[in-house]
Amino acid sequence: MSDSVKQFSFGGVSTQGSSDSKKVDGESVERVKVLIIGSGPAGYTAGIYASRADLKPVLYTGMEMGGQLTTTTEVENFPGYPDGIDGPSMMEDLKKQAERFGTDIRFGIVKSAELSTEKGGIHKIEVDGGKIIEAETVIISTGASAKYLGLESETRLRGYGISACATCDGFFYKGKDVAVVGGGDTAAEEATYLSKLCNKVTLVVRRDELRASKVMQARVLNTENIEVKWDSQIEEFLGENGVDGIRLVKKSGEKEDVKLDGVFIAIGHKPNSDFVKGQVDMDETGFINTTDGTKTNVPGVFAAGDVQDSKYRQGITAAGTGAMAAIDAEHYLASLED
């Protein structure tokens, strides 16, 4: 082992890195060139590109290693897998590829961040356990979490007929009956998209009107195989090993069972950006604002994937921005040397 490579232990797993470690006021402090926070397609791809640029990145996975795709039973629209692949296996492939080039992948959760506002400043990131990472650049790829209804039956059947992405999973319900939950633009878009694939789409709307734009409302209401259930909420998802129906409860208290094959929850996503709130520019819902690629308003801090993408939210687009973030970080570091 060369002098530039040192051993670190985190979460009971020994990992390799090329950063410097020290103790300050009793806390473990480590200096790195590139710190990647998050382990979905964006994070792992950033690791691949940063490693190939010899930036020796350190990546912390967060609690959900692999991100949202690990909750998807099958992925058929990611290039390179002609026969499809299940989400966890695909993310394991990306992880292995990042490790192959030297990304130091560690299980851990970022607790807080103290970001420098000066170009060339050092960003201090606290990881659980009290460890401090001093990073010259930070790539935030923490993703976004789909909002769910919070029902026990929903938790039990998630991934087995319950999805939060029609463009990801809609193909599996071709010619079948499905439901979409929500009344905003996202729900209207997903219902319209699914109406072209499915036999029938039931749109479950909590109120007596849609919140979607007038254009999207017209599309929904003028689509023959979309039926809107007004003033309704899902009380229970029906089925043992997979969804075979939903139980609706109306505002009047009347209940109705609807037989179907799948349900798409479209009540929004929450970006996982709270740990940098107040330091990085965001929109009103918490998605990080980026310009000129993946640059945030903070020098040396970049954002990739669903944490900054409220529109596309696809694995392939997340991977693309991960590559962009690593290249942007490389150019930033080179500018400091100049």
Side-chain angles (χ1 to χ4, degrees), residues 1-2 4-19 30-72 75 78-81 85-110 123 125 127 131 133 135-144 272 293-294 300-309 314-333:
M1 183 180 297
S2 67
S4 63
V5 179
K6 301 178 181 179
Q7 290 280 349
F8 301 104
S9 180
F10 190 81
V13 179
S14 178
T15 58
Q16 290 188 348
S18 60
S19 46
E30 180 181 355
R31 175 71 65 88
V32 303
K33 281 186 175 296
V34 178
L35 175 65
I36 302 169
I37 307 172
S39 57
Y44 284 145
T45 304
I48 292 169
Y49 274 73
S51 295
R52 285 173 58 84
D54 199 29
L55 298 178
K56 301 175 176 58
V58 170
L59 183 154
Y60 277 95
T61 64
M63 279 297 292
E64 191 174 62
M65 293 183 64
Q68 292 183 69
L69 277 179
T70 58
T71 64
T72 302
V75 179
F78 198 98
Y81 296 98
I85 186 171
D86 65 271
S89 295
M90 191 186 85
M91 296 316 302
E92 184 62 23
D93 284 347
L94 285 177
K95 176 176 178 286
K96 289 178 180 177
Q97 190 172 1
E99 288 178 320
R100 174 192 164 204
F101 290 113
T103 304
D104 183 350
I105 297 175
R106 309 173 184 179
F107 179 77
I109 305 169
V110 167
H123 309 291
I125 310 297
V127 184
K131 186 178 181 69
I133 304 291
E136 295 178 43
T137 61
V138 176
I139 296 174
I140 302 171
S141 54
T142 45
N272 302 317
T294 63
V301 178
F302 308 90
D306 286 9
V307 75
Q308 54 88 230
D309 174 18
Q314 299 297 301
I316 188 62
T317 53
T321 55
M324 292 162 59
I327 294 170
D328 288 342
E330 180 186 8
H331 290 171
Y332 172 81
L333 292 169

Query raised in the report: Could you walk me through whether Thr137 and Phe302 pass the side-chain contact (heavy atoms from CB on, under 4.5 Å) check?
Result: CA-CA 8 Å; Thr137 61; Phe302 308 90; 4.3 Å; yes
Report task. List the steps and the verdict of side-chain contact (heavy atoms from CB on, under 4.5 Å) for Tyr81 and Val75. Result -> CA-CA 8 Å; Tyr81 296 98; Val75 179; over 6 Å; no
Query raised in the report: Given Lys131 and Glu30, is the side-chain contact (heavy atoms from CB on, under 4.5 Å) satisfied, shown in steps?
Result: CA-CA 8 Å; Lys131 186 178 181 69; Glu30 180 181 355; 2.9 Å; yes
**Report entry** side-chain contact (heavy atoms from CB on, under 4.5 Å) between Ile125 and Leu35, intermediate numbers included
**Finding:** CA-CA 9 Å; Ile125 310 297; Leu35 175 65; 3.5 Å; yes
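Side-chain atoms of Thr294 do not come within 3.5 Å of backbone N or O of Ala304 as any donor-acceptor pair. Counting only distance, with no hydrogens or angles, the side chain of Ser51 and the backbone of Lys56 share no donor-acceptor pair below 3.5 Å. Side-chain N or O atoms of Asp306 include none that pairs as donor or acceptor with a backbone N or O of Ala144 at under 3.5 Å.
In this structure, CG on Asp328 lies 10.5 Å from OG1 on Thr321, to the nearest 0.5 angstrom. We find the CD-CD distance between Glu92 and Glu99 to be 7.5 Å, quoted to the nearest 0.5 Å.
Of all the heavy atoms in Asp86 and Ser89, the pair that sits closest is OD1-OG, 2.8 Å. Contact between Gln314 and Thr317 at its shortest, heavy atoms only, is O-OG1, 2.9 Å. Nearest heavy atoms, Val34 versus Leu333: CG2-CD1, 4.2 Å. Shown here for Ile36 and Ala46, the closest heavy-atom pair between the two residues is CD1-C, 3.7 Å. Here the shortest heavy-atom pairing between Val307 and Ile140 reads CG1-O, 3.6 Å. Across every non-hydrogen atom of Gly108 and Thr61, the tightest pair is N-OG1, 3.7 Å.
Ile105 has its side chain out of reach of Ser39: every pair of non-hydrogen atoms, C-beta onward, lies at least 4.5 Å apart. A 4.5 Å side-chain heavy-atom check between Ile85 and Phe78 finds every atom pair outside the cut-off. Between Gln308 and Ser141, the closest side-chain pair of non-hydrogen atoms is not below 4.5 Å. Under the 4.5 Å side-chain criterion, counting only non-hydrogen atoms from C-beta, Tyr44 is not in contact with Thr103.
Using a cutoff of 4.0 Å between basic side-chain nitrogens and carboxylate oxygens, Lys95 and Asp93 are not scored as salt-bridged.
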